[in-house]
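Data block below; observations after.
All residue numbers in this chain count up from 1 along the given sequence. Computed from heavy atoms alone, side chains included, the values below leave out hydrogens, waters and symmetry copies.
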Amino acid sequence: MLSDIEIAESATLKDIREVAKELSLTEDELELYGKYKAKISLPAGLERKGKLILVTAINPTASGEGKTTVSIGLADGLRRLGKKVCLALREPSLGPVFGIKGGAAGGGYAQVVPMADINLHFTGDLHAITSANNLLCALMDNHIFRGNALRIDTDSIRFHRCMDMNDRELINISIGGGGRGVAREDHFDITAASEVMAILCLATDLADLKRRLGNIVVGKNAEGGYVRAKDIPGAVGSMAVLLKDAMKPNLVQTLEGTPAIIHGGPFANIAHGCNSVQATYAAMSLADYAVTEAGFGADLGAEKFLDTKCRVAGIEPDCVVIVATVKALKLHGGAAKETLSEENLEALERGMPNLLKHIENIRGVYKKPVVVAMNRFQSDAPAEIDFVLSAVERAGAKAVFTDVFLKGGEGGKELAAAVAEACEIPSKLHFAYELSDSVEKKISDVATKIYGADGADFSEEARAAIAEIEKNGCGDLPVIVAKTQYSLSDNADLLGRPTGFRIFVRDVALKGGAGFIVAIAGKIMLMPGLGAHPAAEKIDLLPDGKIVGLS
């Protein structure tokens, strides 16, 4: 079979102006980036009338379960059913592209294109975020060097430089040495982990963007009070200028010509893991069905989408799609990795509770209709397929085995029909916690209701951070739990549906600009390193200008 990039390059793409016409956008509402990419400016006063479909997953394997591929195939399937549909996806980060996971433009015959452009520099949004982030760092350090009128305690600085690449050598650095600045220890985050990324993705308009940028807590002063970006002369306005164009969503297309808006890409463990509010607004305003996704499993991405993004944006999904694979369920059931392609009903039965817990959460906690999308593999045995279909049906949902990787929209039509039907079921979003609750209770509610934990424990450092946050009047913000994506617990080795465990919160951090509180459970990498054989080893540029090895 052709590689992803060979499939993408063999496709006949529409002029992006033709794609825009499907969404009733005029050329005056487009800023063209060549023939196949454009930024869009939404007409004023549009009603967000479209049905919103959230695609999430079970706790994934290391290679993921294919959420993006299924999202694209689902959108193509809806279009083949005659629906007016628009995708809203995240932008890839160069770190994973050249690291282990690869790109984030789908796969096989369910891709967004131009694939290489989307996975690489695209329209420059991530570079703009990197620049705005690092400008604030430069202005802060210059302020300290020029006399430090704000009396910033350099040991308390919590806002750091970033770059869009995996580079472990930058995890811990020393700056200001050699008498040319104020010497201190610092570190880099990857751009997807930057608070500026989260801010851009949660901002509802330019005024909200500037408000959120101003509320970034860069550190504390000598008296222990918060120092925010708005306290540093010129920071907010100059950062906003760098982000002006990056705030506009990007329009591309699938291999089948379905409109796709791709914008923003925050991590799903230390941030909320979904595309921008602006992109979701656009998709819901311009189409009858908007298909979006949230990163990692439903305990991370979907929880944050529902409890944080929906609150901020004033939206809610009409249907939630949970992506799973027979192989992943067997892995959750204890099957060895090398046997996942073999028929194993016993392991499948043991692993099924992971999927069932996610179904229970969406239906029982959030009160939303669920469709399970089983990403089909050739090795899936008929008995295994029958078992999954029956188990999901008993749980009150519908499962569809889908084959969008090999068949594109044709392979997504059955899933699309099931999702369109589920969207007609009346529902009202409930939340896992109330914003007015204490920070500890909000975290504990997520742990018990969503993860199935017996409760949450807090280190002394975490309790002190919570007390400081609440003392400063920020305790009413949503919580973002940062933990492993591989387990419902905070222990990556506890697969399936673990019981009798507690979540341990070792630290808590306020993201004042993004407007949420991060509870850190386990070790979370804000600057990943490269593996022994990163994807970069396979990527090359041929003499004729063709790119190979990108996926």
Side-chain angles (χ1 to χ4, degrees), residues 48-59 67 70-71 74 88 268 272-274 277 280-281 283-284 288-324 352-373 391-400 415-437 441-453 476-481 488 497 516:
R48 294 191 289 275
K49 64 183 186 307
K51 300 283 189 182
L52 180 60
I53 301 158
L54 172 64
V55 180
T56 183
I58 62 170
N59 294 98
K67 284 193 312 298
V70 169
S71 298
L74 169 59
H272 58 296
C274 356
V277 169
T280 307
Y281 280 171
M284 294 178 69
D288 296 327
Y289 291 86
V291 179
T292 191
E293 66 165 334
F296 293 143
D299 54 320
L300 284 171
E303 185 275 316
K304 295 165 173 60
F305 182 97
L306 297 165
D307 281 318
T308 299
K309 179 174 176 176
C310 285
R311 277 181 160 121
V312 169
I315 58 176
E316 61 180 271
D318 295 277
C319 172
V320 177
V321 177
I322 300 176
V323 179
M352 182 60 65
N354 184 272
L355 172 57
L356 297 181
K357 172 58 175 166
H358 292 299
I359 294 172
E360 289 175 21
N361 288 346
I362 301 301
R363 295 186 73 245
V365 177
Y366 297 109
K367 310 296 184 185
K368 284 293 169 180
V370 172
V371 174
V372 173
V392 171
E393 184 177 357
R394 289 194 300 271
K398 180 180 177 62
V400 176
L415 175 63
V419 168
E421 182 178 349
C423 283
E424 299 304 318
I425 301 173
S427 63
K428 177 66 177 175
L429 178 63
H430 289 61
F431 299 110
Y433 57 81
E434 297 299 325
L435 291 179
S436 57
D437 289 338
K441 185 175 189 310
K442 285 185 279 198
I443 296 168
S444 296
D445 281 349
V446 172
T448 56
K449 295 179 183 179
I450 305 304
Y451 309 155
D476 60 348
L477 296 174
V479 295
I480 298 288
V481 180
L488 281 161
R497 182 177 182 170
F516 52 66

Minimum-distance pair of heavy atoms, taken over all atoms of [X] and [Y]:
X	Y	value
Ala432	Lys449	O-NZ, 3.0 Å
Val291	Ser71	CG1-O, 3.7 Å
Ala395	Leu356	CB-CD2, 3.8 Å
Pro369	Ile362	O-CG2, 4.4 Å
Lys357	Tyr451	CE-C, 4.1 Å
Cys319	Val419	SG-CG1, 4.2 Å

4.5 Å side-chain heavy-atom contact, [X] and [Y]:
X	Y	value
Cys274	Thr292	no
Val446	Ile443	no
Asn59	His358	yes
Leu415	Val70	yes
Ile359	Ile322	yes
Glu293	Phe305	no

Exercise for the section: Tell me, with the steps shown, if Val365 and His430 meet side chain to side chain contact (heavy atoms under 4.5 Å, CB included). Expected result: CA-CA 7 Å; Val365 177; His430 289 61; over 6 Å; no
When rounded to the nearest 0.5 angstrom, what distance separates [atom1] in [X] from [atom2] in [Y]?
X	Y	atom1	atom2	answer
Thr308	Leu477	OG1	CG	9.5 Å
Lys49	Asp288	NZ	CG	5.5 Å
Glu303	Ile450	CD	CD1	6.0 Å

Let me have the donor-acceptor pairs involving side chains of residues 310-318, under 3.5 Å, with sequence neighbours excluded, atom names and distances please.
from	atom 1	to	atom 2	distance (Å)
Arg311	NH1	Asp307	O	3.0
Arg311	NH2	Tyr433	O	2.5
Glu316	OE1	Lys368	NZ	2.5
Glu316	OE1	Leu429	N	2.9
Asp318	OD2	Leu52	N	2.8

Handout entry: Backbone of Leu306 reached by a side-chain donor or acceptor of Lys309 within 3.5 Å
Key = no
Problem - N/O donor-acceptor pair under 3.5 Å between Lys442 side chain and Leu435 backbone - result: yes
